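The structure that follows is given in the form of structure tokens.
Naming: A, B, ... by sequence-line order, numbering from 1 per chain. Since this is a predicted model, take the numbers as computed values, not measurements.
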2 protein chains.
Amino acid sequence: MIPITVWVVEDDAGFRRTLRNLLNGDEKIRCRRVFPSCGELFAALETDEHPDLLMMDLGLPGMDGVEGIRELSVRAPDVAVLVITVFQEKEKVLEALNAGASGYLLKTATGREIILGIEQVFHGAAALSPEVAKIVLTEVRKPSAGEAFNLSAREIEVLEQLAMDHTVKEIADHLGISRRTAAFHLENIYRKLHVQSQSGAVAKALRSGII
Amino acid sequence: MIPITVWVVEDDAGFRRTLRNLLNGDEKIRCRRVFPSCGELFAALETDEHPDLLMMDLGLPGMDGVEGIRELSVRAPDVAVLVITVFQEKEKVLEALNAGASGYLLKTATGREIILGIEQVFHGAAALSPEVAKIVLTEVRKPSAGEAFNLSAREIEVLEQLAMDHTVKEIADHLGISRRTAAFHLENIYRKLHVQSQSGAVAKALRSGII
DNA sequence: GCAAGCTTCGCATGATTATGCGCGGGCGTG
DNA sequence: CACGCCCGCGCATAATCATGCGAAGCTTGC
């Protein structure tokens, strides 16, 4: 069986070694190269054969880990990235995942969890530490989904049309009602959403998951 | 140490028994009650002391699992829900998580993973099977994140203000510029986003993750 | 060094909105 | 069988917006 080839970028020499030893202790994984910063990584990507997966720290000297991931997704989109870091702030997590990371593990993870995470990412799944999963979960969860504001079906239709870049006049035509009626619905929407402009209504509706 | 009390709703008698035995095989967990459907669960919630956590199947006779979760989050918001199911469709996953589930495991998970998942959820984290994490990840990832439209910093500020329910006049005051300038920025935003109204711009900006 | 793009502003006009006032019909709850 | 809420429409006015024309200082990059 061909082992999963893994590279590591980690500035802390101690943890770098620990990680390398851990990975090479598993026969399904081969970690041949480790780097203290993104600079060395990109140099190596120019000349060497790309690894299957890259384990990336975030708090790095020089180019930040998140930027490194962003850069990597352009230069070497074939390499999956698994973040391993101490940061568990929402911003860091979302930035890293948006930059293209396929997984995000905390350094509190056990060796076994790290090995499992690598296998999962390699097989196209995602690896998230529970704490990180919680953050991501909160993020996908839509606030309350509409019912809260008691918008009528017609009002939601109007909102959807608004968000589709239509004017009140166009909305009236599309819904087969007069512009006055469309405007009337809009007034009620303003009242229910506590806003006073089309933009505000659309913003609130989108952020609340109503549309 | 007080064990984590867990209840189970699962229509398949075989898997129900397997699950119960698995849970009670761990000294940190106590599974005293299992139900074949949501009806029995809600009846028990009326009379008995609530469990710490509920493991919930999704494909259930009578009330669907997702609806059950929704109902539970109203009737017994103190009970955490961990979904265990065979469904790995994006819709099901997001529905369940939006309904209030704190975790989502596939039935392919190992006993160890299930036990771990329960502990994680009990400790306020989230438990997601790797395949599920992948789905959730794809969902949080913002489409293109702004740069694609080449909006200037000022233009993004204007958009943010618009989404905050401000009029062009107010935006001008807040940014310390004339209304004509604010309107000018808006024109450029329209051009760059290919829209022709404030509402359309706000909708596109929000959906694209620009703001 | 100069072209290009961003940011800033004034003036003006026609289009569009926001909103108050009135009016009528339908549906579900108490 | 009212009462409240949703849906539909007209008229009118004041405010706001969209946009064309013209102009200028600044930063960025070839």
Nearest-Å distance, CG (B:D165) to P (D:dT16)?
14 Å
Decide, yes or no, whether a salt bridge links A:E157 with A:R154 under the criterion of side-chain N to carboxylate O below 4.0 Å.
yes
Looking only at the side chain of A:K192 (C-beta and beyond, no hydrogens), which of the listed nucleotides D:dC6, C:dT19, C:dT17 gets closest?
D:dC6
Does a nitrogen or oxygen in the side chain of A:R154 sit under 4.0 Å from OP1 or OP2 of D:dG8?
yes
Return the value, rounded to whole Å, for the distance between atom NZ of A:K169 and atom P of D:dC9.
15 Å
Find the distance B:L162:CG to D:dT16:C1' and express it as a whole number of Å.
13 Å
Rounded to whole Å, NE2 of A:H185 lies from P of C:dT17 at a distance of 15 Å
It should be established whether B:Q198 places a side-chain nitrogen or oxygen under 4.0 Å from OP1 or OP2 of nucleotide D:dA18.
yes
For the residue pair A:L193 and A:I210, establish whether any side-chain heavy-atom pair is separated by less than 4.5 Å.
yes
Looking at every strand, decide which applies to A:Y190 at a 4.0 Å heavy-atom threshold: base, sugar-phosphate, or nothing.
sugar-phosphate
How do B:E187 and A:I177 order along DNA chain D: which one's closest nucleotide is nearer the 5' end?
A:I177
Atom-to-atom span, CD1 of A:I189 to P of C:dA18 - whole angstrom
11 Å
Before accepting this row, confirm whether a basic side-chain N of the pair B:D57/B:K107 lies closer than 4.0 Å to the acidic partner's carboxylate O.
yes
Measure from the side chain of B:F184, starting at C-beta and using heavy atoms only, and say which of C:dT7, D:dG8, D:dT16 lies closest.
C:dT7
Under a 4.0 Å N-O cut-off, is there an ion pair linking A:E49 with A:R33?
no
Looking for any heavy atom pair under 4.0 Å, which part of the strands does A:T181 touch: base, sugar-phosphate only, or nothing?
base
Is there a side-chain polar atom (N or O) of B:T167 under 4.0 Å from OP1 or OP2 of D:dA15?
no
Count the heavy atoms of every other residue, nucleotide or ligand shown that sit under 6.0 Å from CZ of B:R20, and state whether that count exceeds 12.
yes
Between D:dG8, C:dC21, D:dA18, which nucleotide gets closest to the side-chain atoms of A:R180?
C:dC21
Of all the choices, D:dG10, D:dT19, C:dT8, which nucleotide is nearest to the side chain of A:S178 once you look at every atom?
D:dG10
Output the rounded distance in Å from CG (B:N188) to C1' (C:dT7).
10 Å
Per B:A183 side chain, nearest of listed nucleotides D:dC17, D:dT19, C:dT8:
D:dT19
Please report, rounded to the nearest Å, how far the P atom of C:dG10 is from the CZ atom of B:R179.
9 Å
Please report the distance, rounded to the nearest Å, between CD in B:E157 and P in C:dC6.
15 Å
Look at the side-chain N and O atoms of B:S152 and state whether any lies under 4.0 Å from the OP1 or OP2 oxygen of C:dT7.
yes
Side chain B:R191 and base C:dG5 donor-acceptor under 3.5 Å
no
Which nucleotide wins on minimum distance to the side chain of B:E155, given the candidates D:dT19, C:dT19, C:dT7?
C:dT7
So B:Q196, base contact, sugar-phosphate only, or nothing? Heavy-atom distance under 4.0 Å.
nothing
Pairwise side-chain contact, A:I189 with A:L162, heavy-atom cut-off 4.5 Å (strictly under):
no
